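Everything below concerns the one structure shown next.
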Protein chains: 2
Amino acid sequence: MLSKQEKRLKRIIKMLQLSNPTTVNNLSSVMDVSHMTIRRDLDLLKERNLVDIFHGGVILKDNNKWKRQHPYSLSYANKQMNQEKKNIAAKAAAFVESEDIIIIDTGSTIEYFARSLPECIPITVICFTLNSLIYVSKLKNANIIFPGGYFHENTLMFESKEGIKLITSHPATTAFISASGVNLEIGVSCSNKYEFKTKTEMMKTADRKVLLVDSSKFNKVENTLFAELTDFDVLISDTGIPDEYMDYCKTHGIELILV
Amino acid sequence: MLSKQEKRLKRIIKMLQLSNPTTVNNLSSVMDVSHMTIRRDLDLLKERNLVDIFHGGVILKDNNKWKRQHPYSLSYANKQMNQEKKNIAAKAAAFVESEDIIIIDTGSTIEYFARSLPECIPITVICFTLNSLIYVSKLKNANIIFPGGYFHENTLMFESKEGIKLITSHPATTAFISASGVNLEIGVSCSNKYEFKTKTEMMKTADRKVLLVDSSKFNKVENTLFAELTDFDVLISDTGIPDEYMDYCKTHGIELILV
DNA sequence: TTAAAAATGTTATTATTTTAACATTATTAA
DNA sequence: TTAATAATGTTAAAATAATAACATTTTTAA
């Protein structure tokens, strides 16, 4: 026999399946318990990873949503910064203008960026990861250039000498680049050696360099250094970055955007 | 040209597609407009029946018309021959052996072939279409080489000079090739001029050439001729092919397999 | 049954969001 | 260009929701 509370939890889930999301007030009035009881129930459901709570209500989590919809996405180890990444990506998308030739890097933030690209202005997109390609290829307004090469499963990236040549011969107006480590003294780094050539080539050819990194990457150094922070024109991150980086950007003329 | 507001509306929908629901505050901060502007936008979207508004935020209606189809498969004009294509693909997959380096062509039959590839022997796959890549990239037993280039939406194919070089520098043991026209006198043809270089290069470098075509393609000639029938070592088709092709294969030493 | 524990309810305070009125800025058409 | 109009921004007051502390009820187990 289920406890009263467990029965309520089941009923909440059922109600959510009927209309998602719903409000604390609605649940409270329909189930004839106080809003505090509902809130405590929701806290439990949240702990069990079944719902998300927002100001005023709840939404049912679709746990398999990610896998079902996007089987080619990276299996993100750290989903902690997902909202920040999405916001950073959305901000970056505003930098894309009509007739731009943009080149985009690897990583989950960049995948979100690819998913945020405008659909109403003509652009050319150079990309070299499968996860981004899947979204970019849907754009009706984009020419797509994919410098191919050898496949790396962990990043879903392709790279080769020939691919580098394709990048070199198509100078981008803006490069949107990610990193797994950003350090004032040491520089900007990534996790895989094979990324180096592609990253540095993007940096060389692109007119404007935009770095997209969430704040969790700051003060870290990963195994492959590929740029100085001053090599970038724009840095987009979230408000969690250390203060010294704000000062650094100011004094070194890097446009800093925090979401 | 869309108005600023319409652009914002599109962007709001996009952000919702990334994370649903979302808050007025989040939208306002990411898009750098006041919350009142967002509220007015949301009112519009609500009027258009695209979203629901609740205290604090918005949720995307799941009947929304912005949901795009997944266009990673070719929109097969002729689904008549689908079963034949699948059977042809399955037969062809039996030709793949351990340590093989195979290169695979464009088209729906080849997509079925990619989906039929063995999962238990180590192979290297060279492919250059998005639809095949999506299946090949799931294989745990395959090294993948993707000669990149410019994207062609109708065939989901990529091609470029640099891609050709990658093909040349990785001679395949077997090439699995498709065609949209097979004609005894004229030869084997495809529908798009841009396929020519890639197809002829595959033919040149591969040790063994296998042609996969269903019987509906016989006696047809499409605009770009890329080979003679005698250039192939194996022809896999279905029992609907004209008799003269059977004789031809016999007299010209082409292994003919009908499913 | 009863005391202890757990669950639920009540209330006031705090935090957040909404609304509405008006100011400012951008866009449009003459 | 200017005047008119539309779009967006600002602000303060009103409405709603969240939190926390404590009261009450229900459940549990001796």
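Keep in mind it's a predicted model, so treat the numbers as computed, not measured. By convention in this document, chain letters (A, B, ...) are assigned in the order of the sequence lines, proteins followed by strands, and residues within each chain are numbered from 1.
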Going 5' to 3' along nucleotides 22-29 of chain C, which nucleotides have protein heavy atoms under 4.0 Å from the base (write B), which only from the sugar-phosphate (write S), and which from neither (write -)?
-> -----S--
Can the positive tip of A/Lys199 be found less than 6.0 Å from the middle of the six-membered ring of A/Phe226, inside 45° of the ring normal?
->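 Yes, cation above the ring, under 6.0 Å and within 45°.
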Is the closest basic N to carboxylate O distance between A/Glu111 and A/Arg115 below 4.0 Å?
->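 Yes, charged N to carboxylate O under 4.0 Å.
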Does a side-chain N-to-carboxylate-O contact under 4.0 Å join A/Lys10 and A/Glu6?
->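 Answer for the salt bridge query: no.
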Does the side chain of A/Ser215 come under 3.5 Å of the side chain of A/Asp238 through a donor N or O and an acceptor N or O?
->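 There is such a pair between these side chains.
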Between B/Ser180 and B/Ser191, does any side-chain donor sit less than 3.5 Å from a side-chain acceptor?
->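 Side-chain D/A pair, B/Ser180 to B/Ser191: present.
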To the nearest Å, how far apart are A/Gln5 CD and D/dT26 C1'?
->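 Whole-Å distance recorded here is 13 Å.
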Rounded to whole angstrom units, what separation is found between the CG atom of B/Asn26 and the P atom of C/dT16?
->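 Rounded to the whole Å, the gap is 15 Å.
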Review item, nucleotides 13-19 of chain D N/O atoms under 3.5 Å of protein N/O:
residue	atom	partner	partner atom	Å
D/dA17	OP1	A/Asn25	ND2	3.2
D/dA17	OP2	A/Asn25	ND2	2.4
D/dA17	O3'	A/Gly56	N	3.1
D/dA18	OP1	A/Gly56	N	2.7
D/dA18	OP2	A/Arg39	NH1	2.1
D/dA18	OP2	A/Arg39	NH2	2.3
D/dA18	O5'	A/Arg39	NH1	3.3

Using a 4.0 Å heavy-atom cut-off across all strands, classify A/Thr37 as base, sugar-phosphate, or nothing.
->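 Sugar-phosphate: the residue A/Thr37, judged by heavy atoms under 4.0 Å, touches backbone atoms but no base.
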Bending between helix ends of the helix from C/dT1-D/dA30 to C/dA30-D/dT1 [5 pairs per end, 10° resolution] =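 Taking the rotation axis at each end, their angle is 40°.
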A/Asn183 (side chain) donor-acceptor with A/Val221 (main chain) under 3.5 angstrom =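 Checking the backbone N and O of A/Val221 against the side chain of A/Asn183, no donor-acceptor pair under 3.5 Å is found.
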